[in-house]
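Structure first, commentary second.
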Amino acid sequence: MPSSALLLLNRPSASAQPHRVGAPDLTQFDPHDPVLSALDLAATRGDGIFETIGVGQGAPQALEHHLRRFGESARLLELPTPDAAAWRAAITTAIAAIDPVDEASVKIVLSRGVEGDDRPTGWAFASASPDHSAARRDGISVVTLDRGYRHDVETTSPWLLAGAKTLSYAVNRAVMREAARRDADDVIFVSSDGYVLEGPTSTVVYRQGDRILTPGPRLGILDGTTQSNIFRYAAQQGLQTGIAQPSAADLTAADAVWLASSVRLAAPVNRLDRLDLAVDRELTAGMNDFLLAVRE
Ligand code: PLP
């Protein structure tokens, strides 16, 4: 069995025509084969959406939450509504097509398709995950960077698609290079008016006493599936959970800070803007054990 698998959906949305009438719902390709048209709007404009779903011991994690968010991103971009059943099948088939490993992920992509064709393109790519145990255990060093928008951009300028998981991630990659220039591993975006938003591929979670908090909603950020499961774990531990609107100074004053995401899971922040932060090793290990085992 291969360590990665690529599946193309014949009909990613029930409201659009299939690519080939009578063809199977899913076709598997070698991930190195040229499958995508150079005219696809995913390639030419970044006009599409995606999700990355963690897979623990062969089971997709937070699948329904990811599919809900996928549908919400499609709505924001006015893409044809993804057919949830077709995507569920693509995800499980992709997972079954790779070597069994402890941790893997499936990336699902829906693009507007070839310009003028009126049929979205959709694919699922499963692969084994890299080893994130050092980041989970020892933590990561993070810098805050200005995202350049006010915290209320989602309401004032919905056409900027803040809060949609679009394929236009060049900025999210550029900030990682900026982080490396500043000797850091990752980034927390701050709004132009000073509020903490999210990481380029993660949600901010922090502890203040016995409360576990996260920024949002309506800050133009993603509704994190990992953060949501961290809150479930925290509640089991008798901690309170809640939504807040912290400034960068509130984060440096917090008792602990994490960046939460589907594949790396809970990475404690050990340094924020050159200030050392305490890592709560016990709570972090508990969170990650929970996240590794979680199915919903
Ligand atoms: N925020 C952004 C911008 C992301 O890209 C991601 C995930 O890639 C997240 C937050 C975390 O979401 P999740 O925990 O569902 O992976």
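Atom set for the values below is all heavy atoms of this structure, side chains included, hydrogens, waters and symmetry mates excluded. Whatever order the structure lists them in is the order used to number ligands and atoms, beginning at 1. The first residue in the sequence is number 1, and the count goes up from there. Everything numeric in this text was worked out from a predicted model, so none of it was measured.
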Taking every non-hydrogen atom, the tightest pair across Leu197 and Ile221: O-CD1, 3.6 Å
For atom 11 (C) of ligand 1, the protein heavy atom that lies nearest, with its residue and separation: Thr203 OG1, 3.6 Å
Tyr169 and ligand 1 - part of the residue with a heavy-atom distance under 4.0 Å: side chain
Under 3.5 Å: donor-acceptor pair, side chain of Arg136, backbone of Arg264: yes
Under-4.0 Å heavy-atom contact with ligand 1, by part of Lys165 that carries it: side chain
Considering all heavy atoms, the nearest Ala260-Val205 contact: CB-CG2, 4.2 Å
Stepwise side-chain hydrogen bond (donor to acceptor under 3.5 Å, both in side chains) check, Thr155 with Asp152: CA-CA 6 Å; Thr155 320; Asp152 52 0; over 6 Å; no
Ile49 versus Leu167, closest heavy-atom pair with distance: N-CG, 3.8 Å
Structural part of Ala260 in contact with ligand 1, heavy atom criterion under 4.0 angstrom: backbone
Protein contact to atom 15 (O) of ligand 1 [nearest heavy atom, distance to 0.1 Å]: Thr225 OG1, 2.7 Å
Partner of Glu51 by salt bridge (Lys or Arg N to Asp or Glu O under 4.0 Å), out of Arg69, Lys107, Lys165: Arg69
Residue and atom name of the nearest protein heavy atom (relative to atom 12 (O) of ligand 1), distance in Å to one decimal: Arg69 NH1, 3.3 Å
Distance from atom 16 (O) of ligand 1 to nearest protein heavy atom, with residue and atom: Ser262 OG, 2.7 Å
Gly54 to ligand 1, any heavy atom closer than 4.0 Å: no
Residues which pass side chain to side chain contact (heavy atoms under 4.5 Å, CB included) with Thr241, listed by chain and number, not counting sequence neighbours: Ile212, Phe231, Ala234
Nearest-neighbour protein heavy atom for atom 1 (N) of ligand 1, which is reported as residue plus atom name and distance: Glu198 OE1, 2.9 Å
Nearest neighbour in protein (non-hydrogen) for atom 14 (O) of ligand 1: Thr226 OG1, 2.6 Å
Shared hydrophobic cluster, Leu161 / Phe50 (ILVMFWY, side-chain heavy atoms < 4.5 Å): no
Nearest non-hydrogen protein atom, atom 2 (C) of ligand 1: Leu222 CD1, 3.5 Å
